[in-house]
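Below: the structure, in structure tokens.
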Amino acid sequence: MSQREPSSIFASCCLFFVPMDGLSARATKLMKPRVLEMGGRVEDQLTVIFSGDLTQQEEDDNDVIDLEQDDERVMNPVVTHLIVARSVNSDSFLRYLGRHDISEAMIARLHVVTDGWVTDSIKKKQRLNEKDHQFPYHSVASSPALSRQATPTQSPPPPSPPLTPPDPPLPLALAASGGATVPRVPAVKMEASIPEVKMEVCSAHGGGGEEEEYHHTRPSMERNRRLAKMFKQLSSVYKAIATEPSQDFQRYRHYSRISEIVSTWPEPIESVQDLRPLRGCYGAKTDEKVNEFFRTGSSQRLAHLLSDERTKAFMEFQQIWHVGAAESNKLYRRGLRTLADVKRHPEYLSTDLQRRCLKYVEDFQKKMTRAEVEEAHQQVCSVAERLYPGELHIVLTGSYRRGDAQTKDIDFLITRHDDREVADEVNRIVDSLSHDGFMTDTLVLSPGCGFGAKSEHKSVTFYGVCRPRKGGPLRRIDMWMQHRSEYAFALLHCTGSAQFNITMRTHADKMGLQLTQHKLAKVIEATGSKQGARRSGQSRNLTHEGPPIPCETEEEIFTAMGLRYRPPPQRFHDRDFGAECHEAIAHRKLTWYWPDGGAVDSSGEPLAKRRKKDDIPRPPIVDQLLVRQQHQLQLKRERAMAAGNLKGAMMALKGA
DNA sequence: AGGCCAATACTG
DNA sequence: CAGTAT
DNA sequence: GCCT
């Protein structure tokens, strides 16, 4: 501990001065310079805010701003010492922690010492033992452990009914069933009535027994979640700052994938050993990060990025819809740094669309419940029914269909029940909804609407803004309309997740196929490299052999690609998916699956049917069908319990 | 050291 | 065409 | 970022 060299007595120490009783002023003036010259570091942020995007960094009055959002303060991971003024009493210190959403568990790994430790160390020119200068703050549960069992989430969750409404049937099937044309969504109000208990971090010290839920302690699903979150943050940051196909872009893709894998890992990750078999997306750097996470709960790299001025600015700018990395760069070079700066100087934005979206920033940040999505669906359906009685098939897609408890936008897929071409249905529906006050803005609307028919596919894209609930926030709403023959491909496409789509299409590529939101076809030759294509923003020029492979259902698409079907809640890039793709390719190489000659025989009979005959037995995978929902319900139960909210727990149990 | 990069649609 | 979006 |  004792160091001779005065310039290094605070080496590897990073101090945070708790701003109470005037300590911060004293510290800045007197101690900070000395600490710095003695090899230490001083940090002025104890927590880092991150919520997928930065909300305003310092915001005391966060009344409306995303109360129950995913938004989270994580400990600034570089801090090693909390310095508290001697005069502070332990109660007010605890209240200080409370105000900043910090549980005692979160600072358990830190030295919490009085300012005397700093001044004396400086005076004596050696780093004194922290033990002798501890700031006594412990409240009730300072003897941790005992309060709860070591295995918190092991109770086998009872089987639960799907959160998702049943998969949308084929349009024609519906039409055949007679009068009831526009499908009514079953009134699944269940999850709407479960109060969204806030942040487990808070409930940890609100409730009774204490879970010292830190990262190096013991594995749990909660720890998985936090690890996934770390990777998600890394991916968001790299995405925000990657202005071109580059290293950063690859990092973004990597972290995006690994985060999805971790977030859907079906059991607590015990150690890095669990992840290491993940060949292809788990290398030395990731290993290092996971280790660091187990040690410290975060990543210095991430903390550094999050506190970097340029990164912070980019993340803020990109809360504006249609502002990406390039535009952020422009704004930054003109000296703007915050969202407020942009609002003061909207003229610095390059398009009116972006300026128009300034007013949506706050609302678009907010998530909504499934109930609200369902209400929006009802409204759209009733208008559609009035305009086109019995003609349209309208389903909810996106993360709603994947079963997420909360979503950030509302996605629809619309098809006709018959084979007629897509016309101006969407326009008329949007007009009518606007008239009703439901639809409030159009951000993007494809021009063709079938008439212009400039693309070979007859489809319509609409991105807009709506207000499903009177007085509620404005929401992003997307509607796609496609021809019935493309229904399955469109449904697959707009159900996502994005990472899942990418993996599917990459797999298709490896199988000599091309998968899009319109079709699946066998590729004969490709001109131009993918890299070249990407750089110039074009897609490759692919030549297809024969007609596209006809698929009427999503199942058939999976089958045609040699994959097992995955219902929407499983549409993420998880650890098994890569392996399964691999397996499919291996089978193709054995030639049983992909007999040369192509995907479709001359009669045009779908491959899917043909293959049924010579089906080869394949090893079953563990059925993870409902893992995701169960995980979510489990979390809810835990939070409800922790908050002592018996009713909420009952509801969650009932739902399960 | 250098390749990898989903596929597509709209804006300005 | 570059940029952003899905 | 990972892989060859």
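Letters go in sequence order (proteins before strands), and every chain restarts at 1.
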From [options], pick the nucleotide closest to the side chain of [X]?
| X | options | answer |
| --- | --- | --- |
| Thr516(A) | dA7(B), dA9(B), dG12(B) | dA7(B) |
| Gln517(A) | dT8(B), dT6(C), dG1(D) | dT8(B) |
| Lys289(A) | dA9(B), dC10(B), dG1(D) | dG1(D) |
| Gln247(A) | dT11(B), dT8(B), dG1(D) | dG1(D) |
| Pro447(A) | dG1(D), dC10(B), dT6(C) | dC10(B) |
| Gln514(A) | dC2(D), dA5(C), dT8(B) | dT8(B) |
| Thr461(A) | dA9(B), dA7(B), dT11(B) | dA9(B) |

Looking for any heavy atom pair under 4.0 Å, which part of the strands does Leu515(A) touch: base, sugar-phosphate only, or nothing?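 Sugar-phosphate, backbone atoms only, no base.
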Are the charged groups of [X] and [Y] less than 4.0 angstrom apart, N to O?
| X | Y | result |
| --- | --- | --- |
| Arg295(A) | Glu292(A) | no |
| Arg420(A) | Glu425(A) | no |
| Asp404(A) | Lys367(A) | no |

In whole Å, what is the span from the [atom1] atom of [X] to the [atom2] atom of [N]?
| X | N | atom1 | atom2 | answer |
| --- | --- | --- | --- | --- |
| Trp480(A) | dA9(B) | CH2 | P | 13 Å |
| Arg355(A) | dG12(B) | CZ | P | 10 Å |
| Tyr463(A) | dT8(B) | OH | P | 14 Å |
| Ile477(A) | dT6(C) | CD1 | P | 13 Å |

